[in-house]
Protein chains: 2
Amino acid sequence: MGDRSLEDNAKILKLLGDKTRLAMLGLLMINECCVCEFVDIFKMSQPAISQHLRKLKDAGLVKENRRGQWIIYSLNRENAFFPMVRDVLKHVPSQEEKFIWLEQQGLRISCD
Amino acid sequence: MGDRSLEDNAKILKLLGDKTRLAMLGLLMINECCVCEFVDIFKMSQPAISQHLRKLKDAGLVKENRRGQWIIYSLNRENAFFPMVRDVLKHVPSQEEKFIWLEQQGLRISCD
DNA sequence: TAAACATATAAGAACTTACTTATATAATAA
DNA sequence: TTATTATATAAGTAAGTTCTTATATGTTTA
């Protein structure tokens, strides 16, 4: 039965069902981002941010790339569930203002 | 900030992030359905089913209609998040086989 | 090399979730 | 009216989630 696939979909949706992770994905849809930027944006402890990113990485939704001392996270557009995530994010308010705010604070690290 | 709306989106996605509720919505996208049919389909206790439906109803995603002794649940297509739910379900395997199975078992109640 | 910075991991606490069993409510049928 | 059927609610429990603080790892800079 196709219930295995349904279950996989549900797992991805559960990951999206947290406002921090949903916003993270919204941000990554616009641009890659490093951990310390997420910390500034969400005003959340660094371990809390790391743990959210770990979940997204374990699901294969994001990938990491070390750039010097920073670890830059980006969307994994090859993931089987990426099309669903993209479609979900079309219904979610744009997170662009958060990048703008980051830039205004002089806290921007990763540039495109 | 638009974070209130983001949070609302996340709440809906959290509801979809459970395989039983996700399948329920997939079924309701095809046809309305009563509680006892859900019980047969998911082979789950009646209170468990009722509690899942309650959450979907509290979020405004489904509505109920009494038909005699049965309470028939259907999608609330007027809900602000319905378009997102519809788009999500496009990425989820069809639940139609569950209705077919129900019919084969002679357990179908609600007809369209 | 030592200090500072960026990130990850571990352990634990508070809260939430998804069941369970028992019981209440409402409609129908005998 | 009584029994049966369909559904909801309540209370309790086990497991899961999301933080916290403390610490470890890896990189850069002085």
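Note on naming: letters A, B, ... go to the chains in the order of the sequence lines (proteins, then strands), and numbering restarts at 1 for each one. No experiment lies behind these values; they were computed from the predicted model shown. These values consider heavy atoms only, across backbone and side chains, with no hydrogens, waters or symmetry-generated copies.
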Checklist entry - Contact class for B:Lys55 vs. all strands (heavy atom < 4.0 Å): base, sugar-phosphate, or nothing? => result sugar-phosphate
Checklist entry - With the sugar-phosphate defined as primed atoms, P, OP1 and OP2, and the base as all remaining atoms, what B/S/- string results for nucleotides 4-15 of chain C, 5' to 3', for protein heavy atoms under 4.0 Å? => result --SBBBB-----
Checklist entry - Roughly how many Å is it from CE in B:Met24 to P in D:dT7, rounded to a whole number? => result 11 Å
Checklist entry - How close or far is atom P of D:dT18 from atom CG of A:Leu22, stated in whole angstroms? => result 13 Å
Next on the checklist: If you compare every side-chain N and O of B:Arg67 against the phosphate oxygens of D:dA6 (OP1, OP2), does one of them come in below 4.0 Å?
Outcome noted: no
Checklist entry - Which whole-number value in Å describes the distance from B:Asp58 CG to C:dT17 C1'? => result 15 Å
Checklist entry - Short question: side chain of A:Asn65, backbone of A:Ile72 - any donor-acceptor pair under 3.5 Å? => result no
Next on the checklist: Under 4.0 Å, heavy atoms only, any strand: does B:Lys14 hit a base, just the sugar-phosphate, or nothing?
Outcome noted: sugar-phosphate
Item to check | Phosphate OP1/OP2 of D:dC19: any A:His52 side-chain N/O under 4.0 Å | outcome: yes
N/O donor-acceptor pairs under 3.5 Å from side chains in residues 19-26 of chain B, not counting sequence neighbours:
{"from": "B:Arg21", "atom 1": "NE", "to": "B:Leu15", "atom 2": "O", "distance (Å)": "2.8"}
{"from": "B:Arg21", "atom 1": "NH1", "to": "B:His52", "atom 2": "ND1", "distance (Å)": "3.1"}

Next on the checklist: Applying side-chain contact (heavy atoms from CB on, under 4.5 Å), can you list everything that pairs with B:Lys90, at least two apart in sequence or on another chain?
Outcome noted: B:Arg86, B:Asp87
Item to check | Spacing between B:Met44 atom CE and D:dT7 atom C1', to the nearest angstrom | outcome: 17 Å
